[in-house]
Each structure stands twice: as C-alpha cells, then as structure tokens.
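The structure under discussion appears below in the form of structure tokens.
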Amino acid sequence: MTMTGTGTHPQIDIGALRGWIGRTETRSELLTPALAERFNATFARRGPLDEGAEAPLLIHLCLTQPAVPADELGPDGHPARGGFLPPVPLPRRMWAGGAFAFHRPLRIGAEVTRLSTIRDVVLKQGRTGPLCFVTVEHEISDADGPAVTERQDIVYRGLGAAGSKAEPAAAAPGEHSKGIRADPVLLFRYSALTFNGHRIHYDQPYVTQEEGYPGLIVHGPMQATLLAQYAADLRGAVPSEFRFRSLSPLFDTADFSLNARDTADGLMLWTARPGGPIAMEASARW
C-alpha cells in the first residue's frame, strides 16, 4: 500500500484503510448446552445447562467466530488480511482492549446474533514502529433483543524485538487476589472454544523460535473473561459495565493472579505474574 499524508508509514495507506469504517457483518449461532458445558469445564466453573437457563458470562466470545478454511490462513494461524477487517499490512495482530455493557444475560438454547461494525481505523507511531488500531463494535442479541454491547480494540504492529525492553515495576497484590495456573491445556481449550488458530497460544516451538517470546501467550479475551468472572463473584452480581486493556503479555512460563481492589464506583482489577508488571487492567461498575 502507498503512503498518504505527512508522517504516515510509507507502506500503509491509512486513507484506504479508513474506507473500511462503517462496514458491517452479521453472524448468528445457537448457544447450545454443549458449548456452555465446555465453557464451564475450561474455567473450572459449575452452572445449569438446561435450555432457558442463564448462560455463563462472556460465553458470547466463543460464538459466531469465523470458520476460515485452512488454505486461507497465514503462517501465524490467523486468517489472511482482508474480508471484514481492513487489510492492514502489518504482520502481528493482537486484542489490545475493549469494553462490555451488559444489558441482560444470554440464555442457553437461544439463537445469538452478532452485528459487527468497523467504527475507527487509526495509525500511530510506537517505539518499535507503526501501530494501526482498529475499533470494532459488536451488538450481541437474541430473540428478546440486545444483551451485550461490546467495543473491541485491535492493534496491528510490526515484528519488533520481543522482550527487548525493560519491564515496568512489579505489580502489588490487590485487596482481593486469586491464583490461576498458566496451564497449556487451559490455553489450548480456550483456543478451541473460540476457534482461534493463532499459533502463539498453543504452538510452543513457533512462539519461541519464530516470534521470539519466552513461552505461550495467555489470550487477552481469556484474561478479560477471568477478571469479569472474578468481579461478578466478588460482588455477587454481573457488572453493568466492564472495561479492560492489555499492558504487557502473560506467558505459560509462570502462574499468574487475578487481583482486585474496591473503588468509589466499583472495582479496579488486574492480572499479573509473581514479580511481574500488570498484564491486563480492568474496571467494573454496577
């Protein structure tokens, strides 16, 4: 792609990419008892599986995921650029953060529809090169109307030297804390639940030898799910609003913790490994 505008990266035509703003995609899928059972098993939780029962929190992230044929995947296991998302010519794509507004629970047995809209495409200059941020809004609904409104922040970046920068100071434990085992089986199961072929989450030789990380990377949406579940458990109710952003990666080389502290209007939450910085920070309001 060619450069447009002063200060943009010479290989990224941000004007053309911004042409994707406003594009929509609609996908639907049945929220089955079997999916709810597998979801609960992955997170070591219990819950009803009868049709009409309240579905687990954030199970919608496992629904309506694209089923891209194997010959249309890139070498990293991600779908090739283009399609609904803009064809950003940067090799690494990650979920940088997002937000959820929970209007009411989804129900097991419901036909769930996700209406996705590209809301923004922005090019920035990071310490290791250009960063392209794509904001997607998802409206999650069923026959009874809207259930969840989600904002998804996706970042694309170059290859950059993994792990070459000094880490921030270690995060202090929260008022509330819970340990999570960084188990490769947990990572594999979540990849399977979300039909996520990204090799950084399950292919140890690839992630260490090709991408230069010390171990498998813990999924951003899985960390968000764990933190949202923790917030709901602490308060005994699903929050009305949950926001999060990724600050640094977590690897399967060490277990990590969920942490929370009370604030004036809810909870501040974060994940961190022992002696490590905050990996994901979040806030929950009721």
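Starting from 1, each residue takes its place in the sequence as its number.
With a 6.0 Å radius and a threshold of 12 heavy atoms from other residues, nucleotides or ligands, Phe188 has its CZ atom at or below the threshold. More than 12 heavy atoms of other shown residues, nucleotides or ligands fall within 6.0 angstrom of atom CZ in Arg27.
Checking side-chain atoms of Thr113 against main-chain N and O of Ser141 turns up no donor-acceptor pair under 3.5 Å. Using a distance-only test at 3.5 Å, with no hydrogens or angles considered, a donor-acceptor pair links the side chain of His201 to the main chain of Ile217. Panel note: side chain Asp255, backbone Ala182; a donor-acceptor pair is recorded below 3.5 Å. When atom types are taken as modelled, the side chain of Trp95 and the backbone of Pro221 share no donor-acceptor pair closer than 3.5 angstrom. Formation of a donor-acceptor pair under 3.5 Å by the Ser257 side chain with backbone atoms of Ala272 is found in this model.
Tested against Thr225, the residues Phe244, Tyr190, Tyr230 include a single side-chain contact (heavy atoms from CB on, under 4.5 Å) partner, Tyr190.
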Could you go through His176 and Arg261, starting from their C-alpha distance and side-chain angles, then the distance that decides it, and tell me whether this counts as side-chain contact (heavy atoms from CB on, under 4.5 Å)? CA-CA 6 Å; His176 315 279; Arg261 63 174 175 84; 5.8 Å; no
I'd like to know whether Arg157 forms a side-chain contact (heavy atoms from CB on, under 4.5 Å) with Met94, so could you lay out the CA-CA distance, the side-chain angles of the two residues, the decisive distance to 0.1 Å, and finally the verdict. CA-CA 9 Å; Arg157 65 179 182 84; Met94 294 184 178; 3.8 Å; yes
Applying side-chain contact (heavy atoms from CB on, under 4.5 Å) to Asn259 and Leu227, what does each step give before you reach the verdict? CA-CA 8 Å; Asn259 300 274; Leu227 288 172; over 6 Å; no
Arg46/Asn40 under side-chain contact (heavy atoms from CB on, under 4.5 Å): CA gap, chis, key distance, verdict: CA-CA 6 Å; Arg46 303 289 187 272; Asn40 283 337; over 6 Å; no
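Counting only residues at least two apart or on different chains, the salt bridge (charged side-chain N to carboxylate O under 4.0 Å, His left out) pairs with a member in residues 178-199 are Arg199-Asp203. Listed by first and then second residue, the salt bridge (charged side-chain N to carboxylate O under 4.0 Å, His left out) pairs involving residues 216-229 amount to none (not counting sequence neighbours).
Side chains of Ser191 and Asn196: no donor on one and acceptor on the other come within 3.5 Å.
Checked for salt-bridge contact, Asp120 and Arg151 miss the test: no charged N lies under 4.0 Å from a carboxylate O. The pair Asp262-Arg235 counts as a salt bridge, with a side-chain nitrogen and a carboxylate oxygen less than 4.0 angstrom apart. Under a 4.0 Å N-O distance rule, the pair Glu241/Arg243 qualifies as a salt bridge.
Scanning all heavy atoms of the two residues, the minimum distance from His138 to Gln152 falls at NE2-OE1, 2.8 Å. Between Leu90 and Gly158, the closest heavy-atom pair is CD2-N, 4.2 Å. Closest approach of Ala55 and Leu31 over heavy atoms only: CB-CD1, 3.7 Å. The nearest pair of heavy atoms linking Leu250 to Ala279 is CG-CB, 3.4 Å. Minimum interatomic distance between Cys132 and Val121 (heavy atoms only, all atoms of both residues): SG-CG1, 3.8 Å. Asp153 and Gly98 get closest at one heavy-atom pair: OD2-N, 3.8 Å.
Between the CZ atom of Phe39 and the SG atom of Cys62 there is a distance of 5.5 Å, given to the nearest 0.5 Å. How far CZ of Arg285 is from CG of Leu267: 12.0 Å, rounded to the nearest 0.5 Å. Ile59 contributes atom CD1, which lies 7.5 Å from atom OG1 of Thr32 (distance to the nearest 0.5 angstrom).
Residues Thr42 and Met222 form no side-chain contact, since every pair of their non-hydrogen atoms from C-beta on lies 4.5 Å or further apart. Side-chain contact between Leu193 and Arg38 is present, with at least one heavy-atom pair separated by less than 4.5 Å. With a 4.5 Å cut-off on side-chain heavy atoms, Asp50 and Ile108 do not count as touching. Using a 4.5 Å heavy-atom threshold, the side chains of Leu17 and Pro87 count as touching. For the pair Ile14 and Val122, the minimum side-chain heavy-atom distance is 4.5 Å or more. By the 4.5 Å heavy-atom criterion applied to side chains, Arg104 and Asp142 are counted as neighbours. Residues Leu247 and Trp270 fail the side-chain proximity criterion, which asks for heavy atoms closer than 4.5 Å. The side-chain heavy atoms of Trp20 and Val134, taken from C-beta on, include no pair separated by under 4.5 Å.
Take Ala101 and apply the side-chain contact (heavy atoms from CB on, under 4.5 Å) test, not counting sequence neighbours, and it matches His103, Thr149. Remark: Thr253 pairs with Phe251 by the side-chain contact (heavy atoms from CB on, under 4.5 Å) rule, at least two apart or across chains. With sequence neighbours excluded, the residues satisfying side-chain contact (heavy atoms from CB on, under 4.5 Å) with Pro184 are Leu216, Asp252.
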Taking distance alone, no hydrogens or angles, what donor-acceptor pairs closer than 3.5 Å link side-chain atoms of residues 64-74 to residues at least two apart or in another chain?
unit_1, atom_1, unit_2, atom_2, d
Thr64, OG1, Arg114, NE, 3.4
Gln65, NE2, Leu61, O, 3.0
Gln65, NE2, Leu63, O, 3.2

